[in-house]
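Data block below; observations after.
Computed from a prediction, not measured in an experiment: that's the story for all the values here.
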Amino acid sequence: MVKWSHYALLAGFSAVLPVAAYAQTEVEAEAEPEAATTVTDERVVLEADIVYENSADNTIIAEGNVEALHQGRVLRADRLIYDRTTERARASGNVIITEADGSQQFAEEVDVGPDLTDGYAIGYSARLPGDATVAAKSAIRRSDGINALEHVVYTACPLCEEDTTPTWSIRARRAVLDEESQMISYRDAVIEIGGVPVFYLPYLSHPDPNSERRSGLLMPNAGLSSTLGAFYKQPYYWAVSDHSDITISPMVMQNVNPLLGVDFRKRFYSGAVKFETSFTHEADFDSDGETFGEETFRGHLYGNGLFAISPEWKWGFGVETQTDDLYDRRYDISGQGDKRGLYSNQPRRLLSQVFVTGQGDSYYTDAALLNFQGLRGEDDAARLPLVSPLAYADKYWDLGAYGFASVTASTAILTREVGADSHRASLGGDWNTMKILPGGFTFEPFAELRGDYYMLDEDVSGKDSVARAVGNTGAKLAYPMVRPGTNVDLMLEPAVMAAWGFSNVNDPAIPVEDSLLYEFDESSLFEANGFGNFDLYEGDGKVSAGLTARALWKNGTEVSTTVGRRWRSRADPAFDVASNLDGKSSDWLASASLKMGKKLELSSRVRLDEKDLSLSRFDMRAATSFDWFRAVGQYYKIDERISPAGTSDEGIFLRGEIQFTDRYSVVFGQLRDISRNVNTRQEIGIAYTDDCSRFELLYNRSELRDRTLGPTESFQVRFSLLSLGNFGSDSFE
């Protein structure tokens with residue numbers, strides 16, 4: 001809202017208080033009626049056409065082009081009267097007060113008492129920094145620190161002409177600032193759009209924007225949903241202390257019982273925590289709001305924290321849990337996919353974790369305890385693992401002319417109520433270096449060796465333990481060629497990698513936990529072990545060959561591409577076709593990118609069948625941004641030959657905005673599962689944007705089905721108002 005410290009009645013008339021002691025007498029003023037009279041002291045400069053003293057009522061009067069200057073603040077008026085008996089000053093007629101920061105205040109009449117403890121202004125208005133404007137029929141300041149505006153209007157929209165109707169404004173019968181509590185409250189507040197009332201609040205209260213954090217009501221959220229019916233959500237912000245706060249958000253709904261949301265944040269000297277939770281007492285209900293089953297307590301809890309133990313060590317946690325698989329979708333609770341710790345969860349899988357990390361100049365280590373909760377219909381909680389712990393450590397040495405070496409240790413302890421348990425411990429080391437050979441060739445020899453030990457569930461795996469040694473040794477040879485040019489620099493680098501590793505290292509008894517969806521691509525083309533995780537390892541002999549080309553223009557445009565393939569001495573049955581390591585040779589791999597700044601960015605990856613070069617996989621992302629058009633899109637296609645589900649998978653994501661006038665634009669979005677002919681989410685709408693606001697009218701539709709919840713569609717009205725925040729419901733369905 002308004003920056004109340006700018007009000008004239010609060011501070012504008014300190015310039016006129018000491019006038020009496022230095023004003024010229026009436027006789028002196030009459031002697032030179034045409035000359036401007038200047039009266040100064042160390043605090044005030046007063047100028048007027050006429051300044052005289054009225055002995056009858058003990059007042060000093062300044063008339064005609066009155067101007068008072070005090071500490072960078074300037075007051076201008078047609079007339080100013082200072083009563084030396086009551087020590088009150090009154091300015092009238094085109095009163096203008098200009099602050100040192102350039103903001104201006106206007107009034108028909110202003111009256112202020114001694115020491116500025118009380119006063120009033122009639123016909124008050126102000127132009128504040130950022131083109132914001134406030135106007136009131138009257139403004140009153142009381143000696144107890146209460147400041148009130150009657151019939152007040154405020155807008156952050158710039159007004160070029162006096163009769164201009166702002167895009168939005170807030171109008172209230174009364175607005176009050178309590179200087180002691182630093183709270184601003186409104187009575188009968190109305191949000192107007194284009195001069196039309198659209199949102200009414202009988203009472204609204206919030207902290208003074210210039211104050212420290214304060215408790216108070218936040219903007220409510222109301223709407224109509226086909227699932228919840230009519231609903232109203234009223235958040236309350238509680239500033240518990242300088243380092244903690246709580247937001248309490250009760251929500252009442254037409255079709256189901258009320259829900260209470262609570263968000264908590266707190267900072268400590270070494271870190272911070274954040275929790276988001278909600279709970280209710282209700283039965284299950286479907287997408288039409290029809291309840292079934294017994295009423296019981298239901299809720300969710302998302303939270304995370306991170307703390308510094310020392311400059312190199314930290315510990316933290318993340319918690320994600322909810323009572324029902326569909327609880328977040330029923331109540332439209334967001335945040336399920338957010339990262340809340342060292343590890344990220346998977347879609348529709350909640351992950352709780354406790355972790356510790358350490359990182360120095362030559363080492364890195366982490367350890368974590370993980371627990372999963374499945375929200376998918378096919379999830380069986382008894383088959384989801386408890387990981388206690390998952391740990392990794394790496395120590396690195398710079399050997400100078402002899403290259404680089406490191407030692408790594410890792411462990412993963414997975415237990416299940418139903419299914420295979422797996423306890424793994426690993427210890428290994430690797431070495432590599434790079435040499436420049438005659439002719440400009442680069443030669444990079446390497447070697448790695450690792451030992452793994454698994455304790456297994458014999459009833460499931462057939463063995464109680466497996467011990468193995470894995471390793472590779474080899475080298476990469478490349479020939480980078482660069483040709484600088486006047487307009488473009490060109491680079492071409494053919495490369496080949498050859499390595500030999502241990503054979504028969506993938507025992508069928510070892511459960512594959514960390515490599516189920518792993519795929520060999522161009523990013524690991526020249527790695528000795530094409531699998532980056534632990535449970536599967538690529539041994540035997542292998543050769544990779546590839547070519548990288550790049551062109552860099554002086555204007556910043558860049559084009560690059562990489563293409564390559566891998567051959568192996570034998571096929572390993574432990575790898576499936578999706579991994580791209582199943583046979584004696586891989587599919588052809590390629591990637592390409594185009595960067596032209598904000599105008600266009602393209603990146604793509606492709607996998608072509610080794611036999612007939614048919615498309616096995618294609619991924620592409622594009623982003624563009626112009627003054628009138630902004631968009632981002634992604635497309636993917638996976639052939640059924642390599643799809644883990646055994647069926648082809650194809651989809652597209654689009655989101656953007658097309659501006660067809662200075663103010664109006666079309667917004668659009670699409671998330672479509674092409675293979676299933678389903679629009680996961682579809683959005684189209686129109687937006688209006690000006691200097692102080694943005695309005696959006698959107699149509700949304702989702703064809704997703706998840707057990708008792710079916711397709712939905714909604715109309716959304718959203719608008720953001722400069723300096724006031726967001727208004728409108730999330731959806732009207």
Rounded to the nearest 0.5 Å, what's the gap from [atom1] on [X] to [atom2] on [Y]? Could you check?
X: Leu259; Y: Tyr331; atom1: CG; atom2: OH; value: 6.0 Å
X: Asn94; Y: Ser92; atom1: CG; atom2: OG; value: 9.5 Å
X: Ser169; Y: Glu192; atom1: OG; atom2: CD; value: 4.0 Å
X: Leu75; Y: Ile96; atom1: CG; atom2: CD1; value: 9.5 Å

Do we see a donor-acceptor contact under 3.5 Å between the side chains of [X] and [Y]?
X: Tyr203; Y: Asp188; answer: no
X: Tyr699; Y: Gln682; answer: no
X: Tyr302; Y: Asp338; answer: no
X: Thr280; Y: Asn257; answer: no
X: Ser665; Y: Tyr688; answer: no
X: Tyr236; Y: Gln234; answer: no
X: Asp328; Y: Gln322; answer: yes

Quiz item: Can you check whether Ala230's main-chain N or O pairs, donor with acceptor, with Gln254's side chain at less than 3.5 Å?
Solution: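 The answer is yes, because a donor-acceptor pair under 3.5 Å joins these two groups.
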Self-check item: Backbone of Ser55 reached by a side-chain donor or acceptor of Glu53 within 3.5 Å
Solution: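 Absent.
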Quiz item: When you look at Tyr124 and Glu108, which way does the side-chain hydrogen bond (donor to acceptor under 3.5 Å, both in side chains) test go after all the steps?
Solution: CA-CA 7 Å; Tyr124 174 79; Glu108 298 174 6; over 6 Å; no
Exercise. Kindly indicate, with the supporting measurements, whether the criterion salt bridge (Lys or Arg N to Asp or Glu O under 4.0 Å) is fulfilled by Arg88 and Asp83.
Key: CA-CA 5 Å; Arg88 299 192 68 86; Asp83 190 324; over 6 Å; no
Quiz item: Parallel under 30°, tilted from 30 to 60°, perpendicular over 60°: which one fits the rings of Phe660 and Tyr664?
Solution: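 Answer is parallel, since the angle falls under 30°.
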Practice problem: Quick one: sort the Phe275 and Phe317 rings into parallel, tilted or perpendicular, breaks at 30° and 60°. | Solution: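 Correct class here is parallel.
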Heavy-atom count check: over 12 atoms from other residues, nucleotides or ligands less than 6.0 Å from [X] [atom1]?
X: Lys266; atom1: NZ; result: yes
X: Phe297; atom1: CZ; result: no
X: Asp662; atom1: CG; result: no
X: Arg663; atom1: CZ; result: yes

Can you confirm whether [X] sits close enough to [Y] that some side-chain heavy atom of one is under 4.5 Å from a side-chain heavy atom of the other?
X: Asp245; Y: Trp238; answer: no
X: Tyr82; Y: Thr59; answer: no
X: Val51; Y: Ile60; answer: yes
X: Val190; Y: Ile170; answer: no

Self-check item: Single hit among Leu80, Val110, Asp78 for side chain to side chain contact (heavy atoms under 4.5 Å, CB included) with Val95
Solution: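 Going through the options one by one, the only one that passes is Val110.
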Which atoms form the tightest heavy-atom contact between [X] and [Y], and what is the distance?
X: Tyr327; Y: Ser278; result: OH-OG, 2.7 Å
X: Asn255; Y: Gly229; result: ND2-N, 3.2 Å
X: Thr277; Y: Asp263; result: N-OD1, 4.1 Å

Exercise. Could you give me the CA-CA distance, side-chain angles and deciding distance for Phe653 and Val632, then say whether side-chain contact (heavy atoms from CB on, under 4.5 Å) is met?
Key: CA-CA 8 Å; Phe653 165 77; Val632 60; 4.2 Å; yes
Exercise. Run through Arg340, Gln336, His300 and flag the one making a side chain to side chain donor-acceptor pair (under 3.5 Å) with Glu320.
Key: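 Checked Arg340, Gln336, His300 against Glu320; only one passes side chain to side chain donor-acceptor pair (under 3.5 Å): Arg340.
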Practice problem: Please say whether the positively charged group of Lys233, taken as NZ for Lys or CZ for Arg, lies over the ring of Phe231, i.e. under 6.0 angstrom from the six-membered ring centre and within 45 degrees of the axis. | Solution: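 Not satisfied by the 6.0 Å and 45° rule.
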Quiz item: Stepwise, does the side-chain contact (heavy atoms from CB on, under 4.5 Å) test hold for Tyr52 with Ile50?
Solution: CA-CA 7 Å; Tyr52 60 92; Ile50 300 174; 3.4 Å; yes
Practice problem: Could you walk me through whether Ile97 and Val74 pass the side-chain contact (heavy atoms from CB on, under 4.5 Å) test, one step at a time? | Solution: CA-CA 6 Å; Ile97 301 167; Val74 179; over 6 Å; no
Quiz item: Going through the distances and angles, do Arg298 and Glu282 end up as a salt bridge (Lys or Arg N to Asp or Glu O under 4.0 Å)?
Solution: CA-CA 7 Å; Arg298 306 175 188 275; Glu282 183 55 279; over 6 Å; no
